[in-house]
Amino acid sequence: MKKTISVKNNKLKLEYKLFELNEVAQYGFAYVSGDVLNPVSQKILLYLIWKCNIQTPGVFDSVQVSMTELCEILGYRRKGNSNYSHRLHKVEETLLYLMSKPILVHDAEKKMKISFAWLKKVKIAYETGIVTAYFDNDLFRFFGQSLRSNFTVVKLKYLNRLNTSYSITLYSFFYSKINLGNFSQSIENIIKLVLNKESYEYKHLKSDILKPSIQSINSLTDIRVSFKEYKSGRRVIRLEFHVEKDAADDEKDLFMLYHRLKYDEFSEQPYDEEWMRGYKYSMEEQKYIPSR
């Protein structure tokens, strides 16, 4: 895929990144693992992969991260949250779940199947609160070879605002297509992506999955998605998506506050990120907080 990276986007390369050129990005976690990972599992796994590439660029063996950090990226707050210890336990359970979750890879060339887990080992040091997660080498051998050099810049701060497996999967998928602007997908491919099924009634796919997921993506993340239906007779057979960069709703509000604009004046001034100089983003609270 052709990429155009501006000076501004070069700064983003130091932030949150998500791989694109492999089966996970193309078809989703469900397609690779045979099951739909819950939102917490997806967020933790993607964060561990991103963190690993920051700590050891191009080498995906193990990664160290604190339990507090994992809680923060999930939006679990220590202050005013009497269930924080329960949330810590939830993170621990999720790490163990990822360690035991089987993945079945079909190697057509060698005519064989290989099964392994997302994580092969997890160490939790309770005195320091440090987690060491070890990836299975086959995870990247089979569909992560391009991780060394090919990334789509996806900010996990936006992904972590999403609360369903469907919206998380679709956000990653749509972002990997952003340079295309418009692209088509068959209904079968969309069903495979979000449900890992061969078929599913389209009216339910549209009303229960696509529309609410896209609404959340458009409101909470840095992209905007729309789609058109194409039919064969009375049956919808494919969708044409349009994806473009766009600020999240709260970012637009802060932009207008910074420039002292009214809502009907928003379109009169090109959007910029100057307002961000006065804010920092809290992964824990999942919102922008004025800098002091």
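- Surrounding CD of E198 are at most 12 heavy atoms belonging to other residues, nucleotides or ligands under 6.0 Å away.
- Counting heavy atoms from C-beta outward, L257 and F255 have side chains that stay 4.5 Å or more apart.
- In the hydrophobic clustering of ILVMFWY residues, with side-chain heavy atoms under 4.5 Å counting as a link, L180 and Y171 come out together.
- Using a distance-only test at 3.5 Å, with no hydrogens or angles considered, a donor-acceptor pair links the side chain of T169 to the main chain of S165.
- Listed for the S66 side chain is a donor-acceptor partner under 3.5 Å among the backbone atoms of E69.
- Considering only heavy atoms from C-beta on, L239 stays 4.5 Å or farther from Y230 through its side chain.
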CA sep, side-chain torsions, deciding dist, call: T132, V122, side chain to side chain contact (heavy atoms under 4.5 Å, CB included): CA-CA 6 Å; T132 307; V122 173; over 6 Å; no

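- Using a 4.5 Å heavy-atom threshold, the side chains of F135 and L48 count as touching.
- The aromatic rings of Y271 and F266 are tilted relative to each other, their planes meeting at an angle between 30° and 60°.
- Between the side chains of Q42 and Y47, no donor-acceptor pair is found at a separation under 3.5 Å.
- In this structure, the side chains of L193 and L170 come closer than 4.5 Å at one or more pairs of heavy atoms.
- Classified by interplanar angle (parallel below 30°, tilted 30° to 60°, perpendicular above 60°), the ring pair W275/Y288 is perpendicular.
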Assess whether side chain to side chain contact (heavy atoms under 4.5 Å, CB included) is satisfied between N160 and L74, documenting all intermediate values. CA-CA 6 Å; N160 286 344; L74 293 171; 5.5 Å; no

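- Using a 4.5 Å cut-off on side-chain heavy atoms (C-beta onward), I217 and I223 make contact.
- Using a 4.5 Å heavy-atom cutoff, the side chains of E251 and M276 are in contact.
- Few gaps surround NZ on K120; more than 12 heavy atoms of other groups in view lie less than 6.0 Å from it.
- The distance from the CE atom of M67 to the SG atom of C71 is 6.0 Å, given to the nearest 0.5 Å.
- Checked by atom type, the side-chain pair S216/S213 shows no donor-acceptor distance below 3.5 Å.
- With values rounded to the nearest 0.5 angstrom, E92 atom CD is found 12.5 Å from K90 atom NZ.
- Checking S184 against R238 by side-chain atom types alone, a donor-acceptor pair falls below 3.5 Å.
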Stepwise, does the side chain to side chain contact (heavy atoms under 4.5 Å, CB included) test hold for Q185 with F173?
-> CA-CA 11 Å; Q185 287 287 307; F173 174 72; 3.8 Å; yes

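- Shortest non-hydrogen contact noted between K231 and G233 is CB-O, 3.6 Å.
- Rounding to the nearest 0.5 Å gives a distance of 15.0 Å between NZ of K287 and NZ of K157.
- Note that CD1 of I191 is 9.5 Å distant from NZ of K197, once rounded to the nearest 0.5 Å.
- In summary, the side chains of Y200 and K192 do not present any donor paired with an acceptor at a separation below 3.5 Å, with no hydrogens or angles considered.
- When atom types are taken as modelled, the side chain of K43 and the backbone of L162 share a donor-acceptor pair closer than 3.5 angstrom.
- A distance of 7.0 Å separates CG in L119 from CG in L95, rounded to the nearest 0.5 Å.
- Not a single donor-acceptor pair under 3.5 Å links the side chain of Q55 to the backbone N or O of C52.
- Closest of all the heavy-atom pairs between Y263 and D253 is OH-OD1, 3.3 Å.
- By the 4.5 Å heavy-atom criterion applied to side chains, I209 and L195 are counted as neighbours.
- Across every non-hydrogen atom of P212 and S207, the tightest pair is CD-O, 3.3 Å.
- Cluster membership check: V63 does not share its hydrophobic cluster with I130, using side-chain heavy-atom separations under 4.5 Å among Ile, Leu, Val, Met, Phe, Trp and Tyr.
- Shortest non-hydrogen contact noted between V225 and I214 is O-CG2, 3.4 Å.
- How far CG of L98 is from CD of E93: 12.0 Å, rounded to the nearest 0.5 Å.
- Side-chain contact between L159 and T221 is absent, with no heavy atoms from C-beta onward closer than 4.5 Å.
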Query - Audit row: K252, D246, salt bridge (charged side-chain N to carboxylate O under 4.0 Å, His left out) steps and yes/no - result: CA-CA 9 Å; K252 292 177 181 177; D246 194 25; 3.0 Å; yes

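- Of the N and O atoms on the side chains of Q286 and Y281, not one donor lies less than 3.5 Å from an acceptor on the other residue.
- In terms of hydrophobic clustering, with Ile, Leu, Val, Met, Phe, Trp and Tyr side chains grouped at heavy-atom distances under 4.5 Å, Y258 and I289 are assigned to different clusters.
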Please evaluate residues R161 and D250 with respect to the criterion salt bridge (charged side-chain N to carboxylate O under 4.0 Å, His left out), reporting the C-alpha separation (whole Å), side-chain torsions for both, the decisive distance (0.1 Å), and the verdict.
CA-CA 12 Å; R161 291 175 159 196; D250 62 332; 2.6 Å; yes

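- No more than 12 heavy atoms of other residues, nucleotides or ligands lie within 6.0 Å of CD in Q215, so this atom counts as exposed by the packing criterion.
- No continuous path of hydrophobic side-chain contacts links I237 to F241 [ILVMFWY only; heavy atoms under 4.5 Å].
- Under the 4.5 Å side-chain contact rule for hydrophobic residues, F183 and I178 share a cluster.
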TODO: Just do the side-chain hydrogen bond (donor to acceptor under 3.5 Å, both in side chains) check on K245 and Y175 with the steps written out, would you?
DONE: CA-CA 9 Å; K245 290 285 291 182; Y175 209 109; 3.0 Å; yes

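- Of the candidates E229, K203, K206, V236 forms a side chain to side chain contact (heavy atoms under 4.5 Å, CB included) with just one, namely E229.
- Under the 6.0 Å distance and 45° angle rule, K121 counts as a cation-pi partner of Y134.
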| message | Using the rule given for side chain to side chain contact (heavy atoms under 4.5 Å, CB included), can you reason through D208 versus K211, listing the C-alpha separation, both sets of side-chain angles and the distance that settles it, and then say yes or no? | response | CA-CA 7 Å; D208 299 342; K211 292 185 71 174; over 6 Å; no

